[in-house]
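Here is the structure we will look at.
Given the structure is predicted, the values throughout are model-derived calculations rather than measurements. Residue numbers run from 1 in the order of the sequence given.
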Amino acid sequence: MADTVFPEVHDVLVAGGGSVGLSAAVFLARHGVRALVVERESGPRAHPRATGMGPRTMELLREVGLEQAVNEVAVDMTGATLGKITVDTLAGADLATLAADLPARTRAFDTMTYSPARLRGVCPQNRLDRVLLDAARERGAHVAYDTELLSLEQDADGVTAVVSGPGGPRTLRARYLIAADGVRSKVRETLGIGVTGPGPLGPELHNVMFHADLGHLTGEYGFALAEITTPEAPGMIMAIDGKSEWVFHTAQEPHPDLVRTAIGDPGLELEIVSVLGWRARGQVADRFSRGRVFLVGDAAHAVPPTGAFGLNTGVADAHNLAWKLARVLSGRSDPALLDTYHDERRPVAQLALEQSLLRMRDLRMHFGHGPEAARLRAEAGAVNAPIVHVGYRYGGASAVEGLPSTEDVTLCLDGSPGSRLPYVRVGDRSSLDLVGTDFSVFTGTPVDGDPGVPVHVIDGWPYGTVLVRPDGFVAWRGEEGLAEAVRTCTAGA
């Protein structure tokens with residue numbers, strides 16, 4: 001898997017080849033920037049890790065032509081699913097009764113009115129990473145496994161990094177460095193950037209991936225999570241493919257009989273495939289950048305898994321940064337544009353952390369449905385999950401400052417500056433599909449003159465004239481002053 005044939009001078013060096021680092025390489029490639037990704041592991045991890053991909057992440061994968069590829073490797077959960085259940089053991093659960101007691105619901109992805117992207121189920125990180133790796137390499141990125149970043153120094157013109165790979169230590173030069181090297185980021189430590197937050201949460205856990213046919217227990221009823229309460233083996237069973245591939249989260253020493261006890265079938269044939277130790281952590285870096293180095297993903301923020309906000313926030317970090325680096329590298333925007341990365345993404349990461357912590361207190365805020373769940377969120381100061389994924393805004397003191405709703409994301413996507421472009425159908429495409437690699441104008445009526453960027457005139461467009469950034473966020477809205485807005489926003493001043 002190691003790519004040892006790569007030049008020693010690069011526009012962008014990415015430290016870390018997990019989902020966020022590979023996403024950064026793919027997003028940079030869309031804007032014409034070829035990156036070098038170095039990863040100390042020998043290849044993509046086989047362990048599933050995160051499985052929940054939000055609507056914004058799917059929009060970004062759709063943007064780079066990977067929506068279909070991800071759906072092909074995702075686990076199909078378009079049928080009925082119980083979501084999260086709480087049972088003594090899986091064998092002792094009456095899933096039919098649980099299904100009858102649940103309120104009628106439909107999958108959120110199937111009924112979205114605010115996005116063109118769709119995901120047919122869950123896509124564990126090990127499957128996602130294979131898609132991203134192939135896409136990164138096909139688009140010209142170098143991805144070097146068995147290669148670790150040892151040290152870095154930066155100056156006014158770039159970053160000098162020493163990496164160690166199969167061929168021994170090498171000194172590389174890059175104009176910018178993206179640190180996607182995880183929660184214990186060596187880059188963040190080298191830069192002297194601190195973190196804020198509660199830190200470690202709860203006990204050390206074992207993430208036990210196992211193979212077993214549980215069809216005789218689940219029948220026609222799928223579930224995403226099963227909280228196991230039996231005192232002999234408490235923990236959480238998470239469906240990976242919903243058939244034979246599962247994960248059991250436990251604080252006890254992992255053993256096949258422990259998993260059998262949680263399932264409630266002592267004679268069950270099963271195979272433990274791998275075990276990954278982990279501990280939930282809540283922290284946000286005090287700075288997301290220093291000089292020519294930028295933190296993304298877990299290096300910038302560690303978010304507990306409740307809510308599935310961590311990975312999705314990290315992918316959005318990489319997307320926010322990629323177009324800005326590309327414009328500065330090409331000389332189209334002032335380097336001051338890069339300062340907005342910290343200003344925009346840190347409040348979003350803080351929102352994700354706060355919302356995950358709130359949900360840890362009462363999971364009904366996340367897995368519940370209808371007025372009761374909304375009431376619980378309102379009482380706790382929580383917002384609905386789609387707000388965290390796609391309804392936040394840039395430019396305020398917090399990512400939810402001034403939102404018209406904390407429940408209905410469609411009300412938040414109203415064309416206001418700082419919000420993601422509203423979604424409307426345009427023939428067999430959508431407004432989001434029209435966002436390109438340059439700024440662009442969306443309007444319901446023709447504009448005077450040539451603003452110097454693409455203009456999309458959409459019949460029935462109700463949001464006025466908006467100038468949209470390459471990441472799909474509204475930079476400006478107004479009826480006069482478009483030419484000046486284009487000059488100011490595209491320069492990054």
Taking C-beta and beyond as the side chain, do Asp155 and Arg292 meet within less than 4.5 Å on heavy atoms? no

Residues Ala285 and Arg346: closest non-hydrogen pair is O-NE, 2.7 Å

In terms of ring plane angle, is the pair Phe439 and Trp323 parallel, tilted or perpendicular, where the classes change at 30° and 60°? perpendicular

Hey, is the main chain of Leu353 close enough, under 3.5 Å, to the side chain of Ser356 for a donor-acceptor pair? no

How many angstroms lie between atom CG of Leu321 and atom CZ of Phe27, to the nearest 0.5 angstrom? 11.0 Å

Does Asp317 reach the main-chain N or O of Gly297 with its side chain, forming a donor-acceptor pair under 3.5 Å? yes

Using the ring of each side chain (for Trp, its six-membered ring), is Tyr341 parallel, tilted or perpendicular to Phe294, with breaks at 30° and 60°? perpendicular

Only counting residues at least two apart or in another chain, list the ones meeting side-chain contact (heavy atoms from CB on, under 4.5 Å) with Arg139. Val26, Ala29, Leu66, Ala135

Just to verify, what does Thr250 make a side-chain hydrogen bond (donor to acceptor under 3.5 Å, both in side chains) with, not counting sequence neighbours? none

Arg40 vs Asp181, salt bridge (charged side-chain N to carboxylate O under 4.0 Å, His left out): CA-CA, chis, key distance, verdict: CA-CA 9 Å; Arg40 66 180 182 177; Asp181 56 340; over 6 Å; no

Measure across Met53 and Cys123 and return the closest heavy-atom pair with its distance rounded to 0.1 Å. SD-CB, 3.5 Å

Verify, without hydrogens or angle tests, whether Arg120 (side chain) and Ala74 (backbone) share a donor-acceptor contact under 3.5 angstrom. yes

Verify side-chain contact (heavy atoms from CB on, under 4.5 Å) between Arg188 and Val195, making sure each step is shown before the conclusion. CA-CA 9 Å; Arg188 188 185 66 232; Val195 296; 3.6 Å; yes

Can Ser115 and Glu59 be counted as having a side-chain donor-acceptor contact under 3.5 angstrom? yes

Does His206 form a ring-ring contact (aromatic ring centres under 6.0 Å, His included) with Trp278? I'd like the steps, not just the answer. CA-CA 6 Å; His206 302 285; Trp278 71 287; over 10 Å; no

Work out which heavy atom in Gly391 is nearest to a heavy atom in Leu413; give both atom names and the distance. CA-CD2, 4.4 Å

Side chain proximity check, Glu484 to Trp476, heavy atoms < 4.5 angstrom: no

Other residues, nucleotides, ligands: >12 heavy atoms within 6.0 Å of Arg173 CZ: yes

Just grab all the side-chain hydrogen bond (donor to acceptor under 3.5 Å, both in side chains) pairs involving residues 304-315, residues at least two apart or on different chains. Thr57-Asn312

Taking Leu363's backbone N and O only, do any of them form a donor-acceptor pair with Arg359's side chain (distance below 3.5 Å, no angle check)? no

Indicate whether the side chain of Arg56 and that of His389 have a donor and an acceptor atom separated by less than 3.5 Å. no

Is there side-chain contact between Glu67 and Asn71, with at least one heavy-atom pair below 4.5 Å? yes

Go through the side-chain N and O atoms of Ser164 and Glu148 and say whether any donor and acceptor fall under 3.5 Å apart. no

Less than 4.5 Å apart, side chain to side chain, heavy atoms only: is that true for Ser151 and Thr190? no

Please examine the side chains of Val143 and Leu22, heavy atoms only from C-beta on, and report whether any two atoms are closer than 4.5 Å. yes

side-chain contact (heavy atoms from CB on, under 4.5 Å) between Val400 and Arg393, worked out: CA-CA 6 Å; Val400 293; Arg393 290 188 181 173; over 6 Å; no

Taking only residues two or more places apart in sequence or in another chain, which ones pass salt bridge (Lys or Arg N to Asp or Glu O under 4.0 Å) with Arg34? none

Whether the Glu63 and His319 side chains hold a donor-acceptor pair (N or O, under 3.5 Å, no angle test) is what I'd like checked. yes

Would the distance check show the side chain of Asp241 and the main-chain N or O of Glu245 forming a donor-acceptor pair, the cut-off being under 3.5 Å? yes

Distance alone, cut at 3.5 Å: any donor-acceptor contact between the side chains of Arg287 and His342? yes

Any heavy-atom pair between the side chains of Glu39 and Asp146 that's under 4.5 Å? no

Criterion side-chain contact (heavy atoms from CB on, under 4.5 Å) against Ser419, the qualifying member of Val466, Asp414, Val390: Asp414

Will you find, in the side chains of Thr196 and Asp286, an N or O donor that is under 3.5 Å from an N or O acceptor? yes

Got a sec: does the CD of Gln68 have more than 12 other heavy atoms crowding it under 6.0 Å? no

Decide yes or no for Asp298 and Ser185: does some side-chain heavy atom of the first lie under 4.5 Å from some side-chain heavy atom of the second? no

Distance, nearest 0.5 Å, that separates CE of Met236 from CZ of Phe248: 10.0 Å

Which residues satisfy the side-chain contact (heavy atoms from CB on, under 4.5 Å) test with Glu407, sequence neighbours excluded? Ala374, Arg377, Asn384, Ser405

Carefully, step by step, assess His211 and Ile272 under the rule side-chain contact (heavy atoms from CB on, under 4.5 Å). CA-CA 6 Å; His211 289 169; Ile272 292 182; over 6 Å; no

Do you know the tightest heavy-atom contact between Gly282 and Leu201? N-CD1, 3.8 Å

Should Leu311 and Ser19 be marked as a side-chain contact (heavy atoms from CB on, under 4.5 Å) after you check the CA-CA gap, both sets of side-chain angles, and the distance that decides it? CA-CA 8 Å; Leu311 171 63; Ser19 302; 3.6 Å; yes

Report the residues that fulfil side-chain contact (heavy atoms from CB on, under 4.5 Å) with Val293, sequence neighbours left out, ordered by chain and then residue number. Leu152, Gln154, Val159, Leu177, Val187, Leu191

Kindly say whether Asn126 contributes a backbone atom to a donor-acceptor pair with the side chain of Asp129 at under 3.5 angstrom? no

Here the pair of heavy atoms bringing Tyr145 nearest to Pro166 is O-CD, 4.3 Å

CZ of Arg62 to CG of Asp433: how many Å apart, nearest 0.5 Å? 4.0 Å

Exercise: identify the closest heavy-atom pair between Ala385 and His366: CB-CE1, 4.0 Å

Looking only at the side chains, is there a donor atom on one of Asn207 and His47 sitting less than 3.5 Å from an acceptor on the other? yes

Tell me yes or no: between the side chains of Asp343 and Tyr394, is some donor less than 3.5 Å from an acceptor? no

Polar side-chain atom of Gln125 near backbone of Ala50 as donor-acceptor pair, under 3.5 Å: yes

At what distance, to the nearest 0.5 angstrom, does CG of Leu351 lie from CD1 of Ile387? 9.5 Å

State, without any angle test, whether Thr340 and Lys324 hold a side-chain donor-acceptor pair at a distance under 3.5 Å. yes

With salt bridge (charged side-chain N to carboxylate O under 4.0 Å, His left out) as the test, would you mind laying out the steps for Asp438 and Arg327 before giving the verdict? CA-CA 9 Å; Asp438 196 357; Arg327 288 192 67 89; 3.2 Å; yes

Within the 4.5 Å heavy-atom criterion, are Met58 and Val70 side-chain neighbours or not? yes

